[in-house]
*Asks:* 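Structure below; questions to follow.
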Amino acid sequence: MRTTALWTAVGALGLVGMMPGTGAAADRDNDRRADSDLDYTYLQLNAINRDIDALDSDRGLVKKFHDGGGWSLNGSFSFLPKFFVFGEYSDTDSDIDYASSNTLPLPANTAIKRLDAGVGTHRDISRKTDFIARAAYVDIDYGNFDIGESGISFNGGLSGLRSDLTNDTTDGYLADAAVRSQLTRKLDALLGLRYTNVGSIDSTSWLGSLMYEFNRNWALDLGADIGSDVSTYRLGVRFQSR
């Protein structure tokens, strides 16, 4: 099932890559490029690696870096000159048992699925540098993915759905701020700070990424979300709608 989902995501990325930009969408892209070299409409497929810092003291270098991993699919769509919506779905496994006072437990060999969905804005610092602020709803589940503690309550209608979301101890929100800059014609970098509040998670982490653009549409992205307990690293292939 997990392999099928991953290949489905790869197929979706390829289909998007074959679609040309035309009409109003292309005009919006041209307007954005007139203001900045940075783009906020893209689709990206990632390989993810998780590092749990509290377990690093008595383990070798390789095991220190890898405490679990998986994949994610994320994207962004610019719907106004300075605003965009974004989302990410990830599916990972934890290789070890881990729990602390301020994070969700990570049982070994258990699928951990996460959805982020939100909105962001960017403001020009210069033609090649933007300030970015984002906020998102976050839902983390073990095993099967459900929005709300017991899934969507179709029988209960809107009141049942509202009850699910209110009683869900594994959903919450994140907010982050970052500076993104086009360092060279092919190199794009981001550095920022994120606050996450989901159930027992209440943490602040550093964000960073470095993206190499092969051409106007395709890029390789290396990124990290580095917290005091858990850090996540990604290597992704991005299609940009330019």
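This chain uses plain numbering: 1 for the first residue, then up along the sequence. Hydrogens, waters and symmetry mates are skipped; everything else that's a heavy atom, side chains included, is used.
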*Asks:* Treating T121 as the side-chain partner and K82 as the backbone partner, does any N or O pair qualify as donor plus acceptor under 3.5 Å?
*Replies:* yes
*Asks:* Quick one: pull up OG in S205 and CD1 in I226 and give me the separation to the nearest 0.5 Å.
*Replies:* 9.0 Å
*Asks:* Tell me the closest heavy-atom pair linking A136 and F86, and the distance in Å.
*Replies:* CB-CZ, 3.6 Å
*Asks:* Please round to the nearest 0.5 Å and tell me the distance separating atom CD of Q44 and atom OG of S72.
*Replies:* 7.5 Å
*Asks:* Please give me the minimum heavy-atom distance between S181 and T129, naming the atom from each residue.
*Replies:* OG-OG1, 2.9 Å
*Asks:* Step by step, work out the salt bridge (Lys or Arg N to Asp or Glu O under 4.0 Å) result for D130 and R123.
*Replies:* CA-CA 5 Å; D130 285 355; R123 293 293 183 266; over 6 Å; no
*Asks:* Going by heavy atoms in the side chains, are D202 and Y195 under 4.5 Å from each other?
*Replies:* yes
*Asks:* For V237, run the side-chain contact (heavy atoms from CB on, under 4.5 Å) check against L220, L43, N46 and tell me which one passes.
*Replies:* L220
*Asks:* Go through the steps for Y40 and H122 under the test ring pair (Phe, Tyr, Trp, His ring centres under 6.0 Å), then give the verdict.
*Replies:* CA-CA 9 Å; Y40 292 89; H122 58 93; 4.0 Å; yes
*Asks:* State whether K113 and D141 are salt-bridged, where the test is any N-O pair (Lys NZ or Arg NE/NH1/NH2 against Asp/Glu carboxylate O) under 4.0 Å.
*Replies:* no
*Asks:* Can a donor-acceptor pair be found, under 3.5 Å and without considering hydrogens, that links the side chain of N217 to the backbone of Q240?
*Replies:* yes
*Asks:* For a side chain to side chain contact (heavy atoms under 4.5 Å, CB included) check, start with the C-alpha distance between T196 and D176, then their side-chain angles and the critical distance, and finish with the verdict.
*Replies:* CA-CA 9 Å; T196 304; D176 56 40; over 6 Å; no
*Asks:* Any sub-3.5 Å donor-acceptor pair from R50's side-chain atoms to D93's backbone N or O?
*Replies:* yes
*Asks:* Could you state the interatomic distance from CZ (R180) to CG (L207), rounded to the nearest 0.5 Å?
*Replies:* 13.5 Å
*Asks:* Side chain to side chain contact (heavy atoms under 4.5 Å, CB included) for T232 and N49? Distances and angles first, verdict last.
*Replies:* CA-CA 6 Å; T232 304; N49 183 72; over 6 Å; no
*Asks:* How far apart are the C-alpha atoms of Y42 and F239, what are their side-chain angles, what is the distance that settles it, and do they pass the side chain to side chain contact (heavy atoms under 4.5 Å, CB included) test?
*Replies:* CA-CA 5 Å; Y42 61 84; F239 173 78; over 6 Å; no
*Asks:* Between V179 and I125, is any pair of side-chain heavy atoms under 4.5 Å apart?
*Replies:* yes
*Asks:* When you measure from the side chain of D124 to the backbone N and O of R127, does any donor-acceptor pair fall under 3.5 Å?
*Replies:* no
*Asks:* Decide yes or no on side chain to side chain contact (heavy atoms under 4.5 Å, CB included) for K186 and F214, but give the supporting numbers first.
*Replies:* CA-CA 7 Å; K186 291 185 174 292; F214 295 103; 5.8 Å; no
*Asks:* Of all the heavy-atom pairs spanning A189 and L210, show the shortest one and how long it is.
*Replies:* CB-CD1, 3.8 Å
*Asks:* Under a single-linkage definition using a 4.5 Å side-chain heavy-atom cutoff for Ile, Leu, Val, Met, Phe, Trp and Tyr, are W206 and L222 assigned to the same hydrophobic cluster?
*Replies:* no
*Asks:* Going from OH on Y233 to CG on D225, what distance comes out if it is rounded to the nearest 0.5 angstrom?
*Replies:* 9.5 Å
*Asks:* What pairs with E213 under salt bridge (Lys or Arg N to Asp or Glu O under 4.0 Å), at least two apart in sequence or on another chain?
*Replies:* R242
*Asks:* Measure across M211 and A219 and return the closest heavy-atom pair with its distance rounded to 0.1 Å.
*Replies:* CG-CB, 3.6 Å
*Asks:* When rounded to the nearest 0.5 angstrom, what is the spacing between CG in L73 and OH in Y89?
*Replies:* 10.5 Å
*Asks:* What do you reckon, are the aromatic ring centroids of F77 and F79 less than 6.0 Å apart?
*Replies:* no
*Asks:* Quickly, which of V198, D171, L174 forms a side-chain contact (heavy atoms from CB on, under 4.5 Å) with Y137? Name it, please.
*Replies:* D171
*Asks:* Please step through salt bridge (Lys or Arg N to Asp or Glu O under 4.0 Å) for the pair D139 and R114, ending with a clear verdict.
*Replies:* CA-CA 6 Å; D139 192 10; R114 171 170 170 165; over 6 Å; no
*Asks:* What's the shortest heavy-atom distance between S209 and D221, and which atoms?
*Replies:* CB-OD1, 3.8 Å
*Asks:* Could you give the distance from CG (L235) to CH2 (W71), rounded to the nearest 0.5 Å?
*Replies:* 16.0 Å
*Asks:* Minimum heavy-atom separation for S90 to I48, with atom names?
*Replies:* CB-CD1, 3.9 Å
